[in-house]
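Contents: one structure, followed by commentary.
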Amino acid sequence: LTELLSRGDLLRRAPLYPAIFILVLAGAFTKSAEFPFHFWLPNAMTAPTPISAFLHSATMVKAGIFLLGRFFPVLSGTELWFYSVSGLGLSTLLLGAYLALFQHDLKGLLAYSTISHLGLITLLFGLGTPLGEVAAVFHIINHAVFKASLFMAAGIIDHESGTRDMRRLNGLFKYMPHTAVLAMVAAAAMAGVPLLNGFLSKEMFFSETLLLRWLVEIEWAWMFPALATLAGVFAVAYSLRFIHDVFFNGEPVDLPRTPHEPPRWMKVPVEILVLLCLAVGVVPEYTVRPLLELAAGAVLQTPLPDFSLSIWHGFTTAFIMSLVAMGAGVALYGARHWVIAAHDGIG
């Protein structure tokens, strides 16, 4: 691998580069559930929830984009890389986020949101910029933390109530408030709420889509920040649905079991992960920066660009995009009945 990474220029000039690229991309995209190979992931949710937390948040589905990251110095830097990887990543980001809005199974919602976040990471790698690569690695770390905590919270809810059907899981906050608070914080991190880890990498993502105005001389470069913001709107809406429909929204409906807090040690892994969401979101320089520099440096194979993990960069365009995503996401969830009716009519 070391020898291969040192010969990127030679490989990109080779006549077989397009064939090599397409074959590697097909394997990576199939493994990481990128469009149009995304359909298997939501159907792989029958495993016990700790397995889902481990495989579908941190390891197995990340293997494809890990391969993209390792081959970034070899395969990136061409128009074929940019248009293929960023285009399919953007498609996956939007499709996964949109479909997550309409899932009734808790793990189904989390599965489609995972597809969307994998698309986000792929899009960042596809941009082909050093800062985009750093942001991609950062989001790999952040997604593993908040999504694993959400899967394990979903397992607790299933274990204590006997169902994962969000049409029946209402008002659980008063039955299991500790679990509810943990899940709500993790869902807020997934939505990109400030002072949580998901916000930092999401803001880096927004910033990189804005830089495309200067890096790519195409008339439609504005569509990347616009569609990235739209994906953020969907993310806030499905995160709100996870919170409101499960923990509030009236009373439970015909649950197989009377819900209550789980045994103490079932909550400890979720507590650790949620504390990491908060720690990275509040003091990223002291918590995640050393790990991020190590991982991103290994991927980039060159000195890292300057980047800031500050929790406040001022009223930048990226921050305004985050505010728009949060505000419009709340509005979209408020209009959920109309949206669902329109979706069912199309279906």
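Here, residue 1 is the first one in the sequence, and each next residue gets the next number. In what follows, every heavy atom counts, from backbone to side chain, and hydrogens, waters and symmetry copies are set aside.
Side-chain N/O atoms of T78 and Y17 include a donor and acceptor closer than 3.5 Å. Side chain to side chain, T92 and H38 fail the donor-acceptor criterion of an N or O pair below 3.5 Å. Side-chain contact of H178 with K267: a donor-acceptor pair under 3.5 Å is present, judged by distance alone. For the residue pair D105/Y112, the side-chain donor-acceptor check at 3.5 Å is not satisfied.
Look at R168 and E251 and you find no salt bridge, because none of the NZ, NE, NH1 or NH2 atoms lies under 4.0 Å from a carboxylate O. Under 4.0 Å is where a charged nitrogen must lie from a carboxylate oxygen, and between R167 and D165 at least one such pair does.
Side-chain contact between F247 and L169: absent, with no pair of heavy atoms (C-beta onward) separated by less than 4.5 Å. Within the 4.5 Å cutoff, no side-chain heavy atoms of F234 are placed close to those of S116.
In this pair, F248 and F173 present their aromatic rings parallel. The plane angle is below 30°, not in the 30 to 60° band. Relative orientation of the F319 and W312 rings is perpendicular, given thresholds of 30° and 60° on the angle between their planes.
With hydrophobic clusters built from ILVMFWY side chains whose heavy atoms lie under 4.5 angstrom apart, L23 does not share a cluster with I20.
Under the 6.0 Å distance and 45° angle rule, R289 counts as a cation-pi partner of F307.
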